[in-house]
Amino acid sequence: MDEKYFPAKIERKWQERWAERGTFEVAPDDEKRKFYCLEMLPYPSGRLHMGHVRNYSIGDALSWYKRLQGFNVLHPIGWDSFGQPAEQAAIKQGVNPRDWTEDNIEQMKAQLKTLGIGYDWSREMAAHRPDYYKFDQWFFLKMLEKGLAYRKDSEVNWCPKCETTLSNEQASGGICWRCGSPVEKQNRPQWFLKITDYADELLADMSEIEDGWPERVLTMQKNWIGKSKGANVRFALSGSENTQIEVFTTRIDTIFGVNAIVLAPDHPIVEEHFESFESGVREKIVEIRAGQAKPVDYGEEVEKAGVATGLSAVNSFSSEEVPVWVGNYVLMSYGTGAVMSVPAHDERDGEFARKYDLDIRHVVMPVDEEAEGDVFTGYGKLENSGEWSGLDSKEAILSMTTHAETEGFGESAETYRLRDWGISRQRFWGAPIPIVYCASCGAVPVSISELPVELPESAPFTGVGESPLAKVSDFVNTECPKCGEAAKRETDTMDTFVDSTWYYYRYLDPQNGDAPFDKEAAEYWMPVDLYIGGIDHAVMHLLYTRFWTKMMRDIGLVSFSEPVNRLLTQGMVVGESFYSKDAESYVFADDVEIERDDAGKIVNARMKDGGGEVRIAVEKMGKSKLNGVDPDDMIEVYGADAVRLFVMFAAPVENELVWQESGIEGAVRFLQRVWRFVHKWRSSIASAPREVPNDLSKEAVALRRKAHQTAAKITESFESGQFNTPVASLMELSNALGDFKVETENASEGDRFAVSEAVRFLIIMLAPYSPHTAEELWEAVTNSETGIVESGGRFPVFDEEVAEESEIEIAVQVNGKLRSKVMAPAGADNQTLENLARADGKIADHTNGKEVIKVIVVPNRLVNIVVKG
RNA sequence: GCGGACGUGGCGGAAUUGGUAGACGCGCGGGCCUCAGAAGCCCGUGAUGGCGACAUCGUGGAGGUUCAAAUCCUCUCGUCCGCACCA
């Protein structure tokens, strides 16, 4: 052990040693309890950023903690290596996407190793390698067999900038989730996965995981699935024998207030009667269609527009004839694509009716008279509703639904916001969809034994038009698997969310060539015990992956329904940015001079050279803001251990983390302090007695107590998912060691024991945060070169008796105000505490001459004396 | 508009879940060491008043429940996030 702390040196040493010994490589072991710790796999952009560092530091901390408790910890990593940037690079720089991707993986892997994250690298996977995407295709075929994959000619979201289709989620709000461009609509045949088949289960099974998942993630998913209960009701189209218009409504109780049926502009009935409409109507419908196809900016409210088609329909409840309109606010993709318009009891219908001067008839009376305005959307008492008049809304809904069912023109129904998952992408860099189109046989699946359908080496990357695959004739032209005739391959590739939906199952059995993974491996390791990632994946990835697990259960691959027991959503890493008002641009922190007042509050910031005013803000890191921090630079200056320690200490994991260089300096100071202390005591520790000596000094007893209390606290924090406070506890323990004022040469047996115990505790509890430093210190005090885990180092189990304080400070209050503190033996009874409190001089001053009404005693805490007068 | 979360020193954040508010770190102030600096070490640091022991105030604001509230309840202000014609 060097006298001084040289992080680069020890970090290299231990990274090599871990690799040599395979410290983090694991295999199923029925003797040990398993723990599967997972972080969201990165896209191999080529550079690690601070968000990654945070993500992996959290995962590694918990992995170490569990490992040190004797768990068999699976902690893998891989690459989400299909996707647009590689293809963009191919278009812009003419590089081969495969080479580009492999290079980036190489670089990021090196960075991860420099960080010293304890991964089982033997299980690494990468989505773009055929041995992985073969099983994307395998799953697709299995789902096709099960009827869970289908092809449908459908309108898709098209991003003109990325030149690709987007899922509904990716196009949410009318803008591309990746580049922010407005999304257009296009019609084309698409492959879909039937996630909607699992909508109910995805909702119901939330009860299985609600203890371990953040409430807001489940709420977001719930809203996304958007289950809505109501009824379908059919209106007969006037003048037509058996054409009916079906509407979905949650408020069948308002059906006597219907003044019109409003159809989506692309409703089949509109299509069917289109030619019979007057020319003005046709024009208006075309206009509405165009308007709906246009993406809408966030927050922008679209004015309602519509046109009466001239058709009319009969309200089966009232026998009333109502006009049929087309409206721009009705969506074909939700419910039945038709609504019954009830302007008195629905805001949208009200707005529509006001604009076009349609009848407004109230059929539900508010029960409390608080309701104002002409539209009342609450529940109330029915009126003007035939035999249902007088009923409460809720009763009426039940009764009217039953009536519709009996009469055969309606039934209760459920509708979801969730759509099926469109997976077709007009891209090269993704898993080919294993389908062949044959002139006589149609769409024919490639047989499983022929997988993988490999991507060609390269393709012409022009950046425009169809998928590049369509231009690779060797790829496109093939034979029909069924009839052997010449046929063409599907040239769309799969959404990359397919790759990331099941990657963590591949870690369980990464070499398997016959199946995505071995069922027994999954039995041992799954479900994931802790999954850590950003909140931005709350809906898409995390909903897809829950769906995928249920699908795998149904094809017999796994025996459970939920893949992740506990989810931790980590906050962003942000940086301080400096904006020069004179230059009207961001400037580097180094060029800024900060002035503070006596309390340390920043009062002024100016440029060092010109003195121009500078505005300081905390913003997402970015090149343009000059506030990005490169993990490699930080590791070089402070060491990986200090970076990791700071990242964990600076904020609770779910919060934003403000990167501050002064903060990381504090982290290094702490590590150095620990280092110096261990260096000074290392031989005394090595020769310390193994058993507790009898003659412990008061100070030694206090040090032991602190060590055991720290172990108790940290264990509790880890178990509850708190990672910042343990660092504070470690610092306290380190401070207590620093306060232990015995020189090594005068240390008694008892002193050496207490110091040795506290130091070993400290080192092991430091390992989750700063593993290299902990390993080096451990080696210095134990002389074992195999590393902490292999040499049997275990997370300290605290001894309650040792941790217990013998004397406790008791707060004494008079009328709830703190007036004094007294020392009392631990566990003293209420009477003793009260007597002690009353005997205190300061308390007497506050109670003399007053009548004591009541005395409240909280054992080991406080005494509150309530007085009058 | 609907839904959700959160407001604690100059800053990041603690607080055994109703029981001594501000742990720990940063920043700031003072001191020791040093030729000097860096590093390190020691002391102080919520606000106001007082030489002081101490007193008063204090967890966005206003009420309330309680012997006792950062924590529970009501209202209110603010910040952030999600959804947004979903019938």
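Below, chain A is the first sequence line, B the second, and so on; all start at residue 1.
Rounded to whole angstrom, the span from the CE atom of A/Met540 across to the P atom of B/G82 amounts to 11 Å. At whole-Å resolution of the value, CD in A/Glu661 and C1' in B/C11 are 16 Å apart. Distance, A/Arg417 CZ to B/C2 C1': 12 Å, rounded to whole Å.
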Would you write out the dot-bracket form of RNA chain B, 5' to 3', with Watson-Crick and G-U pairs under 3.5 Å, [ ] for crossing pairs, | for pairs to other strands and . for unpaired bases?
-> (((((((..(((......[....)))((((((.......))))))((((....))))..(((((..]....))))))))))))....
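The residues A/Asp253 and A/Arg251 are annotated as salt-bridged, a charged nitrogen and a carboxylate oxygen being separated by less than 4.0 angstrom. A salt bridge links A/Glu287 with A/Lys284; the closest basic N to acidic carboxylate O contact falls under 4.0 Å. Salt bridge present: A/Lys227 and A/Asp200 bring a charged side-chain N and a carboxylate O closer than 4.0 Å.
When heavy atoms are screened at a 4.0 angstrom cut-off, A/Asp349 is found touching no nucleic acid atom at all. Contact annotation for A/Gln722: backbone-only contact, meaning every heavy-atom pair under 4.0 Å involves sugar-phosphate atoms and none involves a base. Within 4.0 Å of A/Val866, counting heavy atoms only, lie sugar-phosphate atoms of the nucleic acid but no base atom. Note on A/Glu656: only backbone sugar-phosphate atoms sit closer than 4.0 angstrom, heavy atoms only; bases stay farther off. At the heavy-atom level, A/Lys842 lies under 4.0 Å from the strands shown only through sugar-phosphate atoms. Among the heavy atoms of the strands, none lies under 4.0 Å from A/Val342. Note on A/Asn223: nothing from the nucleic acid sits closer than 4.0 angstrom, heavy atoms only.
In this structure B/G9 sits in the syn conformation; its chi angle is within 90° of 0.
When each of B/C67, B/G40, B/A87 is scored by its nearest atom to the side-chain atoms of A/Ile856, the top-ranked nucleotide is B/C67. Distances were taken from every side-chain heavy atom of A/Leu862 (C-beta onward) to each of B/A87, B/U20, B/G40; the shortest belongs to B/U20. Among the nucleotides B/G12, B/C85, B/C83, the one closest to the side chain of A/Asn328 is B/C85. Distances were taken from every side-chain heavy atom of A/Asn724 (C-beta onward) to each of B/G13, B/A87, B/A68; the shortest belongs to B/G13. Of the candidate nucleotides B/C83, B/A87, B/C41, B/C41 has the atom nearest to the side chain of A/Arg676.
A sub-4.0 Å separation between OP1 or OP2 of B/A68 and a side-chain N or O of A/Asn815 is absent. Between A/Ser228 and the phosphate of B/A87, there is a side-chain N or O to OP1/OP2 separation shorter than 4.0 Å. Of the side-chain N and O atoms in A/Lys620, none sit less than 4.0 angstrom from OP1 or OP2 of B/C80. For A/Lys854 and B/C67, the shortest distance from a side-chain N or O to OP1 or OP2 is below 4.0 Å.
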How does protein contact run along nucleotides 21-30 of chain B, one letter per nucleotide 5' to 3', with B for base contact, S for sugar-phosphate only, - for none, heavy atoms under 4.0 Å?
-> --BBSSBS--
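Atom NZ of A/Lys355 has more than 12 neighbouring heavy atoms from other residues, nucleotides or ligands inside a 6.0 Å radius.
Using P as the reference atom, B/G9 and B/C2 are 31 Å apart when rounded to the nearest Å.
Taking the six-membered ring where the residue is Trp, A/Trp659 and A/Phe646 present perpendicular rings, their angle passing 60° and hence far from 30°.
Side-chain N/O atoms of A/Glu619 and A/Ser577 include a donor and acceptor closer than 3.5 Å.
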